[in-house]
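See structure below.
Naming convention: chains lettered A, B, ... in sequence-line order (proteins, then strands); numbering from 1 in each chain.
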2 protein chains.
Amino acid sequence: MTPTSSLPLDDPPVPPIRRRPGGRTSRVREQVLDAVRAELGERGYDELTVEAVAARAGVHRATVYRRWRDVGGLLADVFEAASEDGWQPPDTGSLQGDLAALNHESQAALTAHPPIVAALIAASFRSEEAARGVRRLWEDRYARCEVIVGRAVLRGELSPGTDARRLLIAATAPLYHQLVLLRTPPHPDLPDQVARTAVLAASAGAFTG
Amino acid sequence: MTPTSSLPLDDPPVPPIRRRPGGRTSRVREQVLDAVRAELGERGYDELTVEAVAARAGVHRATVYRRWRDVGGLLADVFEAASEDGWQPPDTGSLQGDLAALNHESQAALTAHPPIVAALIAASFRSEEAARGVRRLWEDRYARCEVIVGRAVLRGELSPGTDARRLLIAATAPLYHQLVLLRTPPHPDLPDQVARTAVLAASAGAFTG
DNA sequence: ATCTTAAAGTAACACTTGTCGCATTAAGGA
DNA sequence: TCCTTAATGCGACAAGTGTTACTTTAAGAT
């Protein structure tokens, strides 16, 4: 019944429970997600607790545990709420432009305040809910961005048969590696640099065959 | 007095405490680090706790908290103990060979059992001790590997003026990104593929100027 | 308007994490 | 051998995380 729940596997079919997504349920979610953003913004990921979120949202912590399970589930839901906006990959007219714009967006998301994406990634190492949320994030983003490679092929910038996923990973991985794993400070030139490197590798045949 | 302790900042100078690194202190460390490896191997990172390590090591948990502070401190110390072995970067005779060998080592480390490196990275998102350990890991490894780029320049495979650090990051980031952040299963071809992409980018001038 | 019941609140409970003052053990210098 | 004291053990305590059975509120169908 929580937003992140899924049907249990191998259960015998039972009459479906009638859910009540009306007024109070929806209002509680809004209050809780607002509280998560506020707590994250003011106190950071390390001090984000179910107790603090519940208190600020004005709901009981048992309610939060019941619907979201843990801090990771909260972050996954905040991220999901922020993503329900029909995002489309950049379309600048060139492969390098598209990849650079994508990387600028990723760097902005990773360094945003409150740090929702950064917190979700951090939480994914300790919460199954957050790990599931991050998995959906990557799968969705990489799938949607394959159109960047498709357009480049149509423009003749890439040969048909280019492995889109491998190119996209090469074009984004150094950014994530530096900002998330190495924890180096963001640099305005980093997104362009990483995009340019991937384009040079692609032109040299790195992602074909 | 714990292995990972550092001098507090801005303290007035005081007579140095005389430490006693003899028999019991050293034996306790050995027992505790063995317990960490055993617990990690048998129960995984998610169930690694100070309580479980202390019990298995036969020491009091107050001792573990006093010396290592948290699970992250334990993992950092285990990693440090494993690294005191004079590791040198691969030297295969070619840039691509060196980078591929390096990536094979990294993939082996990330998928090893017990998963010390994977656990340390995961812990780095919740423990300052682990974050410090991971920072040292990256700094040390990237610094030591710059010799790979130096040798390639001497062989004429790369132009002088190549940014070694940027090349090394491009040559390793996609591996870490996929294994750690995307959590895709390791593939035997991945290390070579990522190395080859970086070499093609380098030959195309991605890391000069 | 009434009835059924999903969703939330309550508060007590259980468990885990982490700390601390004092006691004991043993490292190391004289 | 003796003395000082760093390191460890003890066990009590505090705080936080997470759960649960029962009660209350309100969503939604009739």
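Whole-Å rounding puts the A:Arg19 CZ to D:dA26 C1' distance at 17 Å. Atom CZ in A:Arg18 sits roughly 10 Å away from atom C1' in D:dT30 (whole-Å rounding). For the pair B:Glu47 CD and C:dT16 C1', the interatomic distance rounds to 14 Å; values are reported in whole Å. At whole-Å resolution of the value, CD in B:Glu51 and C1' in C:dT19 are 14 Å apart. A straight line from CD of A:Glu30 to P of C:dA8 spans 13 Å, rounded to a whole angstrom. Distance A:Arg126 CZ to C:dT16 C1': 14 Å, rounded to the nearest Å. Nucleotide C:dA27 holds its P atom 17 Å from the CZ atom of B:Arg29, rounded to whole Å. One atom, NE2 of B:His60, and another, C1' of C:dT19, lie 11 Å apart when rounded to the nearest Å.
A cation-pi arrangement, defined by a distance under 6.0 Å to the six-membered ring centre and an angle within 45 degrees of its axis, is absent between A:Arg183 and B:Trp138.
Counting only heavy atoms from C-beta on, A:Arg66 has its side chain closest to C:dA8 among C:dG18, D:dG9, C:dA8. For A:Thr63, taking side-chain heavy atoms from C-beta onward, the closest of the listed nucleotides D:dT8, C:dG29, C:dA8 is C:dA8. Listed candidates were C:dG29, D:dG28, D:dT8. Nearest to the side chain of B:Arg67 is D:dT8.
Between B:Phe125 and A:Phe125, the ring-plane angle classifies as parallel under the 30° and 60° cut-offs.
Between the base of D:dT5 and the side chain of B:Arg20 there is a donor-acceptor pair shorter than 3.5 Å. Side-chain atoms of A:Arg61 and base atoms of D:dG18 include a donor and an acceptor less than 3.5 Å apart. Donor-acceptor pairing under 3.5 Å, judged by distance alone, is present between the side chain of A:Arg24 and the base of D:dT25.
Put simply, B:Tyr65 has no side-chain N or O that comes within less than 4.0 Å of OP1 or OP2 on C:dT19. Between A:Thr25 and the phosphate of C:dA8, there is a side-chain N or O to OP1/OP2 separation shorter than 4.0 Å.
Comparing B:Gly22 and B:Val71 by the nucleotide of DNA chain C whose heavy atom lies nearest to each, the residue mapping closer to the 5' end is B:Val71. Taking for each of B:Ala62 and A:Leu48 the nucleotide of DNA chain D with the nearest heavy atom, the 5'-most of the two is the partner of B:Ala62. Take the nearest nucleotide of DNA chain C for A:Ser26 and for B:Arg27: the residue whose nucleotide is more 5' is A:Ser26.
Across B:Leu181 and A:Ile121, no two heavy atoms sit closer than the pair CD2-CG2, 3.9 Å.
Side-chain polar atoms of A:Thr197 and B:Arg166 form no donor-acceptor pair below 3.5 angstrom.
Distance alone, capped at 3.5 Å, places no donor-acceptor pair between the A:Glu129 side chain and the A:Gly72 backbone.
A:Val50 comes within 4.0 angstrom of no nucleic acid atom, judged by non-hydrogen atoms across all strands.
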